Structures are given as structure tokens and as C-alpha cells.
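Letters A, B, ... are given to chains in the order of the sequence lines, protein chains preceding strands, and every chain is numbered from 1. Quick caveat, the model's predicted, so the values are computed rather than measured.
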Amino acid sequence: MSLQNLKKEDPFAEDGLDGIEDQVGSEENYLHIRIQQRNGRKSLTTLQGLGKEYDPKKLLKAFKKEFACNGTVVEDEQLGEVIQLQGDQRIKIKNFLVENGILASNIKVHGF
Amino acid sequence: MAEVDLTPAADEPMFDPSLKKKKPKKKQVVFNEEPAPEPPKETRDPSPVPTPGPSILKPSSEEAAIGADAGEEKREKAAAVPDDFGFGDLKKKKKKKEIPLDFGEGDGASPAGVSTPAEDGATPADDLNDFSDVKRKKKKSTKKITFDIEEFEKGLGDSAAASGGGEGGGAEGEEGDLGDDVFAMPAAPVDIGDETETWHGTDRDYTYSELLGRIVKTLRSQNPDLSAGGRKRYTIVPPSIHREGNKKTIFANVSEICKRMHRQPDHVIQFLFAELGTNGTVDGSQRLVIKGRFQQKQIETVLRRYIVEYVTCKICKSPDTLLSKENRLYFMTCESCGSRRSVSAIKTGFQAQVGKRKLTKPPT
């Protein structure tokens, strides 16, 4: 009988681990700037992981004006709202965000 | 004094690669600014040239083994140099001046952090302008000839020297940078070699950095295994990148690189794809076929990031680590210092819709 009880402990431990995979090195507070190649020499830049306190639409408008490019806000099921810009704007985005008070350590620039 | 005189002589064979690397740079600067004022240095320069001879061979033979791709880059570099001579003299000088400074600092502080940004800043622009540059170069060089042939010849001689250096530097950079610490090691003595001589004739006090350089130099020359021992294992072969068709890139030596890093190819490949925002396959002969066009430099930077993230130990900086998976988490255990830490899983993140919607979305 007592053995049964002991066995019960294990599944619980497993359960606790379930969410850990996402939490370790949790990337929730990171801003990810990525690049994707399109056809030819064209590319797309995406900004993912924007906090709730920022309005993506307003940010997009500022980006568009500053970088002279077009872009959209894309809704993603898991990742929320993602800003998508035309062309390789990674460095510019980073500089822009840093200038406007976002910590550089919270920004991750991906790609080559 | 006797000591100082002794050390460089003992040193020269040891620091061949670095010496060789530095030389063209120095030559260039001298030429650009004023050819006359420093005859002693000029005369001093050629004397060590024969010694680096064999060492020049080494990297080049390595590169030859790498294949045609590296050769192509070499040519590009060689081509790029005259362009700079024709036009961006000032810019070049600035860059040149900055680099040794970085090294000096890198010696004391974190070498990887200091050295990589400088390169990073340079690479993207180069990549983008590669093709347009080639065209412009031709124009400029022809114009130059009409201007004055003598200058041009001088430039040519320099460029030849610089290309030799560039190639050496490239090889070193590839190997060294990947290994974080290594890059600073060969570079540091170069800087120092200069500095030890700077106060020689003059009456001024020596600065702290000069003295520091001198002690490091003597230390290295007394026991060569200090620098030589740690260097070898950090190196990684530069990735060999070929283009397949128009839209695919072949990364031929993935498995070799993975072996050097002691990582599963799957993990490395997954990281590559996530970072580059593409996908691809591994073909029959263990080569990686990546969708999209990528250059060696670009793959290199991604690999470098992989090494920083998943290979080098954060505490002791040694690349002697093991990656294991426990409870769906990746843990990295350091072989040399025994530290153990979890590393973040590779996540692809948001993938934007690229290409035709028709193909990806089934009609509803």
C-alpha cells in the first residue's frame, strides 16, 4: 500500500517539469530581430517579442518613417504580434530601440 | 638593454604568423602617409621577411586544401585592396589604426567581445556590395593608370603585399575568431613587438602597456608552450561554402566542423536553420544543403555565435564541453572546470510568409 503511495510521487515530479522547457533560458523578455531571405537580394526583417507596454502599430509607423520601408504587423497564434519590415533593417531596428530606451541586452539579433 | 636585444631575436621564429600578418599593414601605413621619414624601419622590415616565408606557406596550404571557394575570397580581397588605394585611403587608415588598438585591449579584457564587433561591422556592408564593388573597382583602377603609373605601381606592390597579408589574416581570423581566445593571442605580441621598440631611441618614460607587452613577450619567448599549447585546439576549419544552382548553398564540411566542436550535427544544423531563417537537407555525402544564398562569412558568423552559445564554457572559456539532454533540457558540462549550466533550446521563432501563398496554404 505504502509502495503505491510512493509511486504516486513520481508522476507529480514529471508534471512539474512540464513547463520548464520553455522557462529555462526563457526568451519571453527578449526581443528577437530576425532576417529572412526572399527571392533575389530581397529580404524581410521581423521583430518578435514586443512587450505589452508597446503599441506595435505605433512602433511600426515610426519604423516605417525612420527606415523608409514598408511593413506590417502580423498576428501569430503563439508569438502574438510580430512586426515585419521590408529589407534588412536589423541593425537599424536595434539602434532605434536602443536609442529609445530599450536595453541592448534584451535585444537579440539573429541571422548572419 | 642586452635583454631587450636578445628577446626579439629569440622571438622571431616563434611569432612568425603574427609578424607576417602585421608587416603588410605597417608597410601600408608607412607608404600612405610619408614614404621617407622612417628609413630605419624600412630597412628593418625586410630582414624578418625570409623567416616568415615558411609560415606563410602553412596557412596558404591550408587554404588550398579548403578549395576553390577560399581562393575566390582571396581574389576578392586582393581586388579590394587597390580599390581602397584609389579611393578610400583615409578610411583604410582609420580601420588599420583601430585594429591594433582593439587587440591591445583585447589582450587585457575579453578578446572575443572586442575583436568580433569590429569584424561584424565590416562584414554586412561587404556582403551586400560585393558585386557592385567589383564593377566599381575596375573603373577606378583604369582611371588610376591614366593618372600616374608610378603611383599605381606602388599601389600594386602594396596590394600584393597586402593581399598576402589579407590572406594570412583571413585564415587567422577564421581560425582564431572561432576560438575566441586564440584571436587575441597571436595578435597581442604583434602589437607588443612594435611597442618594445618605441621607447628605444627616445628619452621618454615607457608606458604601462609597453611594459606589460614586454613582460608578456619575454614570458612567451622563455616558455613557448604557454602560447602554442593553448592555440591548437581552439582552431576550427573555416566552413567551405559552395553555391548549388541559384538558390541553394552547400555547406560541405559540416560534419568535420561538428566533430571538432564535439556536437551532434543535428543540433548544429538546427541552430543554423533557425538563425538563418531557412531550411535545408543533408545530402548523401554528409553535406548540408541550405536554401537561400549565403556566403562563407555569413555562415562563419553564425557558427561563431553557435560556439559562443553552445560550445565554449562561460566560466573558463574552454571549448572542452559536453552537451547532454536531460528531462528535455540541454545541459552543458565543462570538461576542464567541471561547471554545468543549462543552455537555451533552439527556437525558430516567427517565420514570415515567403514565396507563393498558393503553395503553402491549401485552398479552403
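Scanning residues 78-86 of chain A against chain B with a 4.5 Å heavy-atom cutoff picks out Leu79(A), Val82(A), Gln84(A), ordered by number.
Proximity to chain B is limited to the side chain of Asp76(A), based on heavy atoms less than 4.5 angstrom apart. Heavy atoms closer than 4.5 Å to chain B are found in both the backbone and the side chain of Gln37(A).
When the shell of 6.0 Å around NZ of Lys247(B) is examined, it contains 12 or fewer heavy atoms from other residues, nucleotides or ligands. The environment of NZ in Lys291(B) is sparse: at most 12 heavy-atom neighbours from other residues, nucleotides or ligands sit within 6.0 Å. Counting non-hydrogen atoms of neighbouring residues, nucleotides and ligands closer than 6.0 angstrom, the CD atom of Gln264(B) reaches no more than 12 such neighbours. Remark: Glu77(A) CD is loosely packed, at most 12 non-hydrogen atoms of other residues, nucleotides or ligands lying under 6.0 Å away.
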CA sep, side-chain torsions, deciding dist, call: Phe350(B), Val74(A), side chain to side chain contact (heavy atoms under 4.5 Å, CB included): CA-CA 10 Å; Phe350(B) 176 72; Val74(A) 181; 3.7 Å; yes

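Between the side chain of Glu275(B) and the backbone N or O of His110(A) there is no donor-acceptor pair closer than 3.5 Å. Side-chain N or O atoms of Arg34(A) include none that pairs as donor or acceptor with a backbone N or O of Leu276(B) at under 3.5 Å.
Ile35(A) CD1 to Thr278(B) OG1: the interatomic distance, rounded to the nearest 0.5 Å, is 11.5 Å.
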